[in-house]
Every structure is written in structure tokens, then in C-alpha cells.
Amino acid sequence: MSPRPDALPGQEHFVAPADEVPLRAVDAVDTESEPRSLWGEAWHSLIRNPVFVISGVLIAFILLVTLFPSLFTSQDPRYCVLANSYGGPQAGHPFGFDQQGCDVYARVIYGARASVSVGVLTTIGVVILGGIIGAIGGYFGGWFDAVLSRLTDIFFAIPLVLGAIVIMQLFKQQAGVLLLVAVMIVFGWTAIARIARSSVMSVKNAEFVTAATALGAGRRTNLSRHIVPNAVAPVIVTATVNLGVYIVVEATLSFLGVGLPDASVSWGMDISKAQSALRDRPSLLFYPAGALAITVLSFIMMGDAVRDVLDPKAKKR
């Protein structure tokens, strides 16, 4: 420690040598000033958004019910006793019984498995198929992009519900979760393909892609390592919102009798069966419809929260 040469007598100010400056303070400042990555900044913003937190908690609970329904009820949703037809709530049966004497609460709990499974599997398939077609067309361009774009337009012109009704009616004997998912993927991939194509086209001319090409990166390397990771954000936003839409489509098809087979337990099928007792027992419609509405709303809320973070332009609009 040595006094400053310009200090007046009695007002010496001691200055610590450079090697004695506390290193912990410097490290703390450097650590706090480190910039976050795109996904790190997005996650930091999401966890501070109450809409994302609420929807995340609801979705976690719905997935828990879907994967482990036996934790919430010990009743068999397919075990029906006609003597309990339209019976009211009882001990162990809080929602009462339907026309066939089946436990309504158990059917609501187990109905989540079919509806959510179809939505999740369809979303995964749509993202893979549409993402690949859109990314390849947007990156290579030319006649290859023109062919894929016209193919996308053809499938885009066919409404998802209408196309699914026709195909499921033709293969009604083979109806099941996998067939329904395959049909929804065939008619639902076009929106993801268009978004992936436009996103890839906007990223492929970026400076970091040009720099990677100059350093010797090939087309496949650029597409997989540089372009797709930076173009995937709009696809994630759209897929999150569309997941709720696919759950509604499954419920609609099951409601019309062309979705899952009659032996399945689904919210859409229970809503369809509750029509006959709408005046006398409206609760039979309320419980599965309420579960469906909460599930779809949760995914839409999460999609909106993710869109606000990953797509600031949409938030401004």
C-alpha cells in the first residue's frame, strides 16, 4: 500500500497494487455480464412469464394423468353396470354414472390417454415430415423447391377434418390410434412445411452461414449445424399451438363416429354419447368437455407464451 503522490498532507489516499485487487469481485462482474445464448435468454424470459408457468403446470398435470391414470382412480372405465345407469355421485364415484352405468370420473381420467396421445404423436410426425420437406425446399431452391411447393399446395387445399373423415370412413374396420395419427399427419404437415421453408430461406443467406461455407462447410453441414438450429424457433411455436388443435380434431372425429373405435375411451366419444341426456344430465357433457377445453387451452396458452419470446415481431403485431 502506498500513498498517492498528489495527496495533500493528512489526506493520503492509499491505492492497492494491481496484484492485490480482489479477484472475486472481478469474477463476479464478468460472470454476471456474460451474454446468454438465444435459448438461454428465451428460457429466462419464459420462466418469468405467468402465462407460461400456469400453462406448464397444467400440461405437466395432464401428462401425469395421461401416463399414470391409475394414480387418480382405481375404477375400470370399461366396467359398466346397467343398474347404475344415470346414477348420481357416490363414494368413489364423484361424477356419477353414464347411460351404460360406467363411472364418468374414470372415463374422464382414462380419456386423456387417447386424446393427448393422438395430439402428441401427430405433432411429432407433422414436425418431422413438414420440417424436412420445408427445410430441403427452402435451402436448395430451384426446380426442387418448386415441385415441393406445388405438392404442399395440393395437400394444403384439402381441409384436415374433411380429409380425415373420408380416409377414416374408408378404413373404418382398421380404425385405431396409429391409423388416426397417420391420417392427421398426411393432411396436417403443410403448415409446418411452409413455415420451415420461409424460415430456412431467411437464415441461409446470413453472414455466419456464408462464413461457414468459406471455411469449407458443405451443404449438409450448413443445413444441419447452422441453418436448422437457427430456423427451428417458428416451427416450435406453431407446433405447440397446433398440438391443441390436433386434440380437438381427434375429439371431433370421435364425436362423429369416424375416429377411434367404439371400444376406446375418449373425450370425444363421451361427448357424443352425452347428447342423448343433455337435458336431464348435462353434467355428463360438462365433465369430458371441460377436460378437453382445459387441455386445449393449456397448450394454446403455452404456444402464445413461446411465440412472444421466440417471435418478437408477432408480439408487436
Side-chain angles (χ1 to χ4, degrees), residues 51-80 84 86-90 92-123 161 176-177 180-181 184 240-305:
V51 174
F52 176 81
V53 174
I54 294 173
S55 61
V57 171
L58 290 174
I59 290 174
F61 176 74
I62 293 168
L63 293 178
L64 182 64
V65 172
T66 302
L67 297 174
F68 307 102
S70 59
L71 295 177
F72 301 90
T73 179
S74 59
Q75 303 296 324
D76 186 351
R78 296 184 179 87
Y79 179 74
C80 307
N84 296 328
Y86 292 138
Q90 301 177 8
H93 309 280
F95 293 169
F97 301 88
D98 61 8
Q99 183 180 12
Q100 302 298 325
C102 304
D103 184 272
V104 176
Y105 175 74
R107 293 188 66 84
V108 170
I109 293 297
Y110 278 87
R113 173 171 292 179
S115 299
V116 175
S117 297
V118 170
V120 171
L121 293 176
T122 301
T123 301
V161 175
V177 172
L180 181 57
V181 169
M184 292 174 64
T240 306
V241 176
N242 285 350
L243 198 156
V245 175
Y246 298 139
I247 295 177
V248 172
V249 172
E250 181 277 325
T252 302
L253 296 176
S254 298
F255 176 84
L256 297 174
V258 294
L260 299 176
D262 296 336
S264 302
V265 181
S266 169
W267 290 334
M269 298 183 67
D270 288 346
I271 293 173
S272 178
K273 294 177 181 178
Q275 292 181 99
S276 59
L278 183 59
R279 291 185 178 181
D280 300 331
R281 294 293 306 278
S283 60
L284 296 179
L285 176 65
F286 173 77
Y287 293 128
L292 176 64
I294 292 174
T295 302
V296 174
L297 180 62
S298 300
F299 283 105
I300 291 178
M301 289 171 57
M302 175 168 284
D304 289 341

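Here, residue 1 is the first one in the sequence, and each next residue gets the next number.
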> Which heavy atom in Phe97 sits nearest to a heavy atom in Arg281, and how many Å separate them?
Replying inline: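 Closest heavy-atom pair between Phe97 and Arg281: O-NH1, 4.0 Å.
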
> Do you know which two heavy atoms are closest between Val51 and Ala305, and how far apart they sit?
Replying inline: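 Minimum heavy-atom contact is CG1-CB, 4.4 Å.
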
> Can you tell me how far NE2 of His93 sits from CG of Asn84, rounded to the nearest 0.5 angstrom?
Replying inline: 7.0 Å

>> With rounding to the nearest 0.5 angstrom, report the OH to CH2 distance, Tyr110 to Trp267.
In response: 14.5 Å

> Could you walk me through whether Tyr86 and Gln99 pass the side-chain contact (heavy atoms from CB on, under 4.5 Å) check?
Replying inline: CA-CA 5 Å; Tyr86 292 138; Gln99 183 180 12; 3.4 Å; yes

List the atom pairs, with distances to 0.1 Å, where a side-chain N or O of residues 62-76 and a protein N or O form a donor-acceptor pair under 3.5 Å, not counting sequence neighbours.
| from | atom 1 | to | atom 2 | distance (Å) |
| --- | --- | --- | --- | --- |
| Thr66 | OG1 | Ile62 | O | 2.8 |
| Thr73 | OG1 | Gln75 | N | 3.2 |
| Asp76 | OD1 | Arg78 | N | 3.1 |

> Is there a side-chain contact (heavy atoms from CB on, under 4.5 Å) between Leu180 and Leu253 once you walk through the steps?
Replying inline: CA-CA 9 Å; Leu180 181 57; Leu253 296 176; 3.4 Å; yes

> Between Val177 and Val118, does a side-chain contact (heavy atoms from CB on, under 4.5 Å) hold up when you go through it step by step?
Replying inline: CA-CA 7 Å; Val177 172; Val118 170; 4.0 Å; yes

> Which pairs count as salt bridge (Lys or Arg N to Asp or Glu O under 4.0 Å) when at least one residue sits in residues 57-73, sequence neighbours excluded?
Replying inline: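 For residues 57-73: none.
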
>> Under the criterion side-chain contact (heavy atoms from CB on, under 4.5 Å), I'd like the reasoning laid out for Tyr246 against Asn242: C-alpha separation, chi angles, the key distance, then a yes or no.
In response: CA-CA 6 Å; Tyr246 298 139; Asn242 285 350; 3.8 Å; yes

> For Gln100, what residues pass the side-chain contact (heavy atoms from CB on, under 4.5 Å) criterion, not counting sequence neighbours?
Replying inline: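 So Gln100 forms a side-chain contact (heavy atoms from CB on, under 4.5 Å) with Cys80, Leu82, Asp98, Cys102.
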
> Which pairs with one or both residues in residues 114-123 pass side chain to side chain donor-acceptor pair (under 3.5 Å), sequence neighbours excluded?
Replying inline: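 Checked against side chain to side chain donor-acceptor pair (under 3.5 Å) - neighbours excluded - the pairs reaching residues 114-123 are Ser115-Glu250.
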
>> Measuring only between side-chain heavy atoms, which start at C-beta, is Phe95 closer than 4.5 Å to Asp103?
In response: no

> Any side-chain heavy-atom pair from Phe255 and Met269 closer than 4.5 angstrom?
Replying inline: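 Answer no - side chains too far apart.
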
> Of all residues at least two apart in sequence or in a different chain, which pass the salt bridge (Lys or Arg N to Asp or Glu O under 4.0 Å) check with Asp270?
Replying inline: Arg107

Validation: residues 282-301 side-chain donor-acceptor distances under 3.5 Å, sequence neighbours left out:
| from | atom 1 | to | atom 2 | distance (Å) |
| --- | --- | --- | --- | --- |
| Thr295 | OG1 | Ala291 | O | 2.8 |
| Ser298 | OG | Ile294 | O | 2.7 |

